[in-house]
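Worksheet for the structure shown next.
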Amino acid sequence: MIKTIKTAQTKENNTITLLETTKENFDKTILIVGVFHGEEPQGEYLINQYLKTDLSNIKNKLVIIPCLNPDGKSKNQRQNSNGIDLNRNFPTKNWKLTDKKEYFGGIEPASEIETKFMIEVLENYKFDAILSIHAPFKIVNYDGPAKELAEKISQITGYPAQGDIGYPTPGSFGTYAGVERNIPTITLELPEDESNEHLWEVNKPVFDYLANEF
């Protein structure tokens, strides 16, 4: 019930994979992305758990990238293998060149293989909502027209919904997809001090909601 649509090879020859559910008749199209940041692997775990469930009769089409940053994951670091924070590398109106520190967004926007992959995905689909899974803040952050969806996910998880992460994020995916493309975009920030098993228990209903009720 899941098929591979496209792949890309990273600088270190790891594979980024785009999957989608195969049901032909669907209501809406939802993008789910894990591991923007390599030291935040929880999203891939949750996605892989959900892929093991029965997806044959879901209402919506799910388009899934389990791990966007396999190079960073292999090094347990936030950035990709070029030292770029992918969540600051998108060609937004507020992108800016910054010092080469933890949140460095590159010498120019959309410079990275991983970023180009994401941009192409957004160009090839018309998404009704996006879920990007991060850590460690235990909040439901949202961009674009996503307040209602964020509040619903907040009800499910008990994590507070917040429209502002609390610090500047130039070149972020949320700005690129949510603010500038008007796609309801959720950045689900998972707590880092809870087991994957507990995170799955809390967040499986989020996946179910996006697949069947949204």
**Asked** Shared ILVMFWY cluster between Leu97 and Ile84, side chains joined below 4.5 angstrom?
**Response**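 Same cluster: Leu97 reaches Ile84 through Ile, Leu, Val, Met, Phe, Trp or Tyr contacts under 4.5 Å.
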**Request:** Starting from the C-alpha separation in whole Å, work towards a yes-or-no answer on side-chain contact (heavy atoms from CB on, under 4.5 Å) for Asp128 and Phe214.
**Result:** CA-CA 9 Å; Asp128 295 282; Phe214 175 68; 4.2 Å; yes
Between [X] and [Y], which heavy-atom pair has the shortest distance, and what is it?
X      : Y      : result
Leu68  : Glu114 : O-CG, 3.3 Å
Glu180 : Lys93  : OE2-N, 2.8 Å
Pro205 : Glu201 : CD-O, 3.7 Å
Asp208 : Lys204 : OD2-NZ, 2.8 Å
Pro145 : Gly178 : CD-O, 4.0 Å
Trp200 : Tyr45  : CB-CE2, 4.2 Å

Using modelled atom types only, decide if a donor and an acceptor are shared between the side chain of [X] and the backbone of [Y] within a distance under 3.5 Å.
X      : Y      : result
Asn203 : Val206 : no
Thr185 : Ile183 : yes
Asp85  : Phe104 : no
Gln162 : Tyr142 : no
Thr92  : Gly171 : yes
Glu40  : Ala135 : yes

**Request:** Apply the test side-chain contact (heavy atoms from CB on, under 4.5 Å) to residues Lys28 and Phe127: give CA-CA distance (whole Å), side-chain angles for both, the deciding distance (0.1 Å), then the verdict.
**Result:** CA-CA 7 Å; Lys28 297 177 180 178; Phe127 290 114; over 6 Å; no
To the closest 0.5 Å, what do you measure between [atom1] ([X]) and [atom2] ([Y])?
X      : Y      : atom1 : atom2 : result
Ile16  : Asn14  : CD1   : CG    : 9.0 Å
Lys73  : Glu39  : NZ    : CD    : 13.0 Å
Asp27  : Asn212 : CG    : CG    : 10.5 Å
Thr187 : Ile139 : OG1   : CD1   : 8.5 Å
Glu44  : Asn196 : CD    : CG    : 10.5 Å
Arg88  : Phe173 : CZ    : CZ    : 13.5 Å

Is the closest side-chain donor-acceptor distance between [X] and [Y] under 3.5 Å?
X      : Y      : value
Ser172 : Asn87  : no
Tyr125 : Glu20  : yes
His134 : Glu189 : no

Just wondering, more than 12 heavy atoms not from [X] lying within 6.0 Å of its [atom1]?
X      : atom1 : value
Lys59  : NZ    : yes
Glu148 : CD    : no
Lys6   : NZ    : yes

**Asked** Considering the options Asn80, Thr10, Asn82, Asn13, which one meets the side-chain hydrogen bond (donor to acceptor under 3.5 Å, both in side chains) requirement together with Asp71?
**Response**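 Answer to the side-chain hydrogen bond (donor to acceptor under 3.5 Å, both in side chains) test with Asp71 among Asn80, Thr10, Asn82, Asn13: Thr10.
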**Asked** Going by the angle between their ring planes, with limits at 30° and 60°, are Phe90 and Phe36 parallel, tilted or perpendicular?
**Response**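 It falls in the tilted class, 30° to 60°.
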**Message:** Any salt bridge linking Lys75 with Glu12? Criterion: basic side-chain nitrogen under 4.0 Å from a carboxylate oxygen.
**Reply:**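 So Lys75 pairs with Glu12 through a salt bridge.
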**Request:** Start with the C-alpha gap between Val202 and Tyr159, add the side-chain angles, then the distance that decides, and say whether side-chain contact (heavy atoms from CB on, under 4.5 Å) holds.
**Result:** CA-CA 10 Å; Val202 172; Tyr159 308 164; 3.8 Å; yes
**Prompt:** Only one of Leu19, Leu62, Leu46, Thr21 clears side chain to side chain contact (heavy atoms under 4.5 Å, CB included) with Leu51; which?
**Reply:**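 For Leu51, the side chain to side chain contact (heavy atoms under 4.5 Å, CB included) check succeeds only for Leu19.
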**Item:** Step-by-step side-chain contact (heavy atoms from CB on, under 4.5 Å) determination, Ile153 to Ile186
**Value:** CA-CA 9 Å; Ile153 294 174; Ile186 299 295; 4.0 Å; yes
